[in-house]
Amino acid sequence: MSNLEQTLSIIKPDAVERNLVEEIKNIFKKNNLNIIESKKIKITKDEASEFYKVHQSKPFYNDLCSYLSSGPIVVMILEGNNAVISNRKLMGATNPKEAEENTIRKIYGLSIDKNSVHGSDSLENAKKEIAFFFKN
Ligand code: IDP
Ligand code: MG
């Protein structure tokens with residue numbers, strides 16, 4: 001049974017800076033995640049703080065928000081069968097050192113903070129995150 005979903009993906013500053021956008025987009029496409037919207041933007045620290053507010057109590061929150069707003073990012077809506085979980089599997093573990101072989105974070109991630117990509121962790125959060133970046 002097919003279960004068509006949309007999820008939000010972000011290519012983070014470390015990967016944009018290293019010109020990895022097309023390579024990472026190709027990984028999504030090869031894995032049946034269609035990129036139905038994509039834009040390169042730079043967000044403010046306030047916007048990053050709003051986006052990551054679920055993490056506001058974490059010790060790394062301030063650095064995380066500074067980092068996401070430190071340079072251009074590419075935000076995308078990915079669509080496909082079970083897109084939320086399928087993107088999370090393709091991304092790999094938060095810490096690239098713990099990520100499985102052939103995952104985006106294993107291949108490109110530099111560290112737990114500079115881990116190249118963000119992906120929504122549930123369908124509910126995917127809807128919120130898509131609305132955050134692509135409200136019309
Ligand atoms: P996720 O991106 O795999 O969903 P989350 O736990 O939601 O991971 O954390 C959001 C982001 O915060 C991570 O992608 C990573 O960049 C950063 N982060 C998570 N844990 C740590 C940490 O222990 N130290 C520094 N940064 C962290
Ligand atoms: Mg998360």
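Scanning for side-chain contact (heavy atoms from CB on, under 4.5 Å) contacts around Glu17 gives an empty result, with sequence neighbours left out. Annotation: side-chain contact (heavy atoms from CB on, under 4.5 Å) contacts of Lys42 (sequence neighbours excluded): none. In terms of the side chain to side chain donor-acceptor pair (under 3.5 Å) criterion, Asp63 has no residue partners (sequence neighbours excluded). Every residue two or more places apart in sequence or in another chain that forms a side-chain contact (heavy atoms from CB on, under 4.5 Å) with Lys29 is listed here: Lys25, Asn26, Ile35. Every side-chain contact (heavy atoms from CB on, under 4.5 Å) that Pro13 has, sequence neighbours left out, goes to Tyr67, Leu68, Ser70, Ile73. Checked against side chain to side chain donor-acceptor pair (under 3.5 Å), Asp121 has the following partners two or more places apart in sequence or in another chain: Asn125.
Residues Glu79 and Leu4 form a side-chain contact, since some pair of their non-hydrogen atoms from C-beta on lies under 4.5 Å apart. Between Asn34 and Leu78 there is no side-chain heavy-atom pair separated by less than 4.5 Å. A heavy-atom distance below 4.5 Å is found between the side chains of Arg18 and Leu110. At least one side-chain heavy atom of Phe133 sits under 4.5 Å from a side-chain heavy atom of Leu8. Here the side chains of Lys40 and Val21 are not in contact, with every heavy-atom distance at 4.5 Å or above. Side chains of Gln6 and Ile130 form a contact here, defined as non-hydrogen atoms less than 4.5 Å apart.
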Report, one line per pair, each donor and acceptor closer than 3.5 Å where one atom sits in a side chain of residues 80-89; sequence neighbours left out.
| from | atom 1 | to | atom 2 | distance (Å) |
| --- | --- | --- | --- | --- |
| Asn81 | OD1 | Asn3 | N | 2.5 |
| Asn82 | OD1 | Asn3 | ND2 | 2.8 |
| Arg88 | NH1 | Gly119 | O | 2.9 |

Check: residues 47-56 side-chain donor-acceptor pairs under 3.5 Å, at least two apart:
| from | atom 1 | to | atom 2 | distance (Å) |
| --- | --- | --- | --- | --- |
| Glu47 | OE1 | Thr44 | N | 2.8 |
| Glu47 | OE1 | Thr44 | OG1 | 3.3 |
| Ser49 | OG | Lys45 | O | 2.7 |
| Glu50 | OE2 | Lys53 | NZ | 3.0 |
| His55 | ND1 | Lys58 | NZ | 2.7 |

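The heavy-atom pair separating His118 from Ser120 by the smallest distance is NE2-N, 3.8 Å. Residues Ala99 and Ala93 share a closest heavy-atom pair of CB-N, 3.7 Å.
Taken to the nearest 0.5 Å, the CG atom of Asn115 stands 7.0 Å off from the CG atom of Asp14. One finds the CD1 atom of Ile104 at 6.0 Å from the CD1 atom of Ile24 (value rounded to the nearest 0.5 Å). To the nearest 0.5 Å, atoms OG (Ser116) and CG (Leu20) are separated by 6.5 Å. Expressed to the nearest 0.5 Å, how far CE of Met76 lies from OG of Ser38 amounts to 6.0 Å. Note that the OG atom of Ser69 and the CD1 atom of Ile41 stand 11.5 Å from one another [nearest 0.5 Å]. One finds the CG atom of Asn31 at 4.5 Å from the CG atom of Leu90 (value rounded to the nearest 0.5 Å).
In the hydrophobic clustering of this structure, Tyr61 groups with Ile10; members are Ile, Leu, Val, Met, Phe, Trp, Tyr whose side-chain heavy atoms approach within less than 4.5 Å, directly or through other members. Hydrophobic clustering keeps Met91 apart from Ile77 (ILVMFWY residues linked when any side-chain heavy atoms are closer than 4.5 Å, directly or through intermediates). Ile11 and Val75 are members of different hydrophobic clusters when ILVMFWY side chains are connected at heavy-atom separations under 4.5 Å. Tracing side-chain contacts under 4.5 Å through hydrophobic residues (I, L, V, M, F, W, Y), one never reaches Val117 starting from Phe134; they form parts of separate clusters.
Applying the side chain to side chain donor-acceptor pair (under 3.5 Å) test to pairs two or more places apart or on separate chains, those with a residue in residues 92-110 are Glu23-Tyr108. The salt bridge (Lys or Arg N to Asp or Glu O under 4.0 Å) pairs that include a residue from residues 123-132 are Glu124-Lys128, where partners are two or more places apart or lie in different chains.
No donor-acceptor pair under 3.5 Å is formed between the side chain of Lys30 and the backbone N or O of Ile27.
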